[in-house]
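Notes follow once the structure below has been shown.
Atoms considered below: every heavy atom in the structure, side chains included; atoms not considered: hydrogens, waters and symmetry mates. Chain letters run A, B, ... following the sequence lines, proteins first and then strands; every chain starts at 1.
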Amino acid sequence: MVKLSRDFYVRIDTIKVARELLGKLLVVPDENGNRVSGMIVEVEAYMGITDKAAHSYAGRRTPRNEVTYAVGGHVYVFFIYGMYNQLNVVSGPADHPHVVLIRALEPVEGIETMRERRGPMPDKNLTSGPGKLCIAMAIDRTLNAEDLLGEKIWLEDFRKYRSNEIATGKRIGIDYAAEDAEKPWRFWLKDNIYVSKSQNREISSPPA
DNA sequence: TGTCCGATTGGT
DNA sequence: CCAATCGGACAG
């Protein structure tokens with residue numbers, strides 16, 4: 001399996017990167033070096049300094065979000081609500097703090113490991129949310145700023161989806177972002193049961 | 001140093 | 001609908 005190259009992540013069109021992340025395979029080897037992986041089925045784009053929902057809004061730059069200013073292809077992992085981690089993929093060139101939040105996966109490899117980490121529950125709940133998938137994949141802040149071209153966490157090509165298989169809608173949990181809360185910057189695979197169970201209202205049909 | 005609150009989740 | 005739970009951002 002071949003890792004996605006730097007070129008994939010460095011593109012300046014964050015929406016395009018976000019949509020193309022759907023169907024990619026996220027791989028994080030476990031403590032024994034065995035592959036644990038899932039296909040990305042839901043993402044959200046955070047559009048940098050002009051996006052009121054983004055941690056880098058208005059050019060905010062702190063120890064926490066420093067890596068979002070790095071060149072594309074690194075991960076931004078942050079801790080939220082006192083108990084959850086969230087995984088983001090940094091995109092674009094350096095000093096262009098756009099990221100794509102990985103909101104849900106479909107388990108592919110190492111499902112038993114995921115079940116152990118998550119505890120007893122239906123498989124469809126293992127990775128159907130940004131906090132859940134970080135537990136299932138053992139992603140926490142120790143992976144923050146890791147390079148996706150390295151050996152701890154990476155992405156591979158897996159499946160291709162057409163535009164008509166992708167739904168678009170508002171991002172979730174960002175009511176504080178005023179008018180930017182309305183932006184159609186959330187993307188998911190239609191009918192995939194691992195998409196997070198929220199307002200799956202589709203705003204518009206995807207472009208051609 | 002003190003206060004406020006969150007890119008969620010799971011249970012009521 | 002609401003509590004859990006704590007690090008980070010920012011004010012003072």
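Distance OH (A:Y84) to P (B:dG10): 5 Å, rounded to an integer number of Å. Between the P atom of B:dA7 and the CD atom of A:E42 lies a distance of 16 Å, rounded to the nearest Å. Atom P of nucleotide C:dG8 and atom CZ of A:R60 are separated by 15 Å, given to the nearest angstrom. Summarising the geometry, the separation between CD1 on A:I102 and C1' on B:dT8 is reported as 16 Å, rounded to the nearest angstrom. Taking atom CZ of A:R64 as the reference point, atom C1' of C:dG8 lies 6 Å away to the nearest angstrom. What separates CG of A:L133 from P of B:dA7 is a distance of 16 Å, to the nearest Å. The distance between atom OH of A:Y46 and atom C1' of B:dA7, rounded to the nearest whole Å, is 4 Å. Straight-line distance from the CG atom of A:D175 to the P atom of B:dT8: 10 Å, rounded to whole Å.
In this structure, the nucleotide among C:dC6, B:dT8, B:dG10 sitting nearest to the side chain of A:P130 is B:dT8. Of the candidates B:dG10, B:dT8, C:dG7, the closest approach to any side-chain atom of A:F79 belongs to C:dG7.
Base contact: A:Y81 has a heavy atom under 4.0 Å from a base atom. Backbone-only engagement by A:R118 is indicated by non-hydrogen atom pairs under 4.0 Å involving sugar-phosphate atoms exclusively. Within the nucleic acid shown, A:V77 has no heavy atom closer than 4.0 Å to any nucleic acid atom.
Here, B:dC5 and C:dC2 have their C1' atoms 16 Å apart, quoted to the whole Å.
Taking 4.5 Å as the limit, every side-chain heavy atom of A:V100 sits out of range of all side-chain heavy atoms of A:N88. Between A:D140 and A:V77 the shortest side-chain heavy-atom distance does not fall below 4.5 Å. With a 4.5 Å cut-off on side-chain heavy atoms, A:R171 and A:Y46 count as touching. No side-chain heavy atom of A:L143 sits under 4.5 Å from any side-chain heavy atom of A:N85. A:V108 is not listed as a side-chain neighbour of A:V27, based on a closest heavy-atom distance of 4.5 Å or more.
Across all strands shown, B:dA7 remains unpaired; no Watson-Crick or G-U wobble contact has both distances below 3.5 Å.
The side chain of A:T62 places an N or O atom within less than 4.0 Å of a non-bridging phosphate oxygen (OP1 or OP2) of C:dA9. One finds a side-chain N or O of A:K132 lying less than 4.0 angstrom from the OP1 or OP2 phosphate oxygen of B:dG10.
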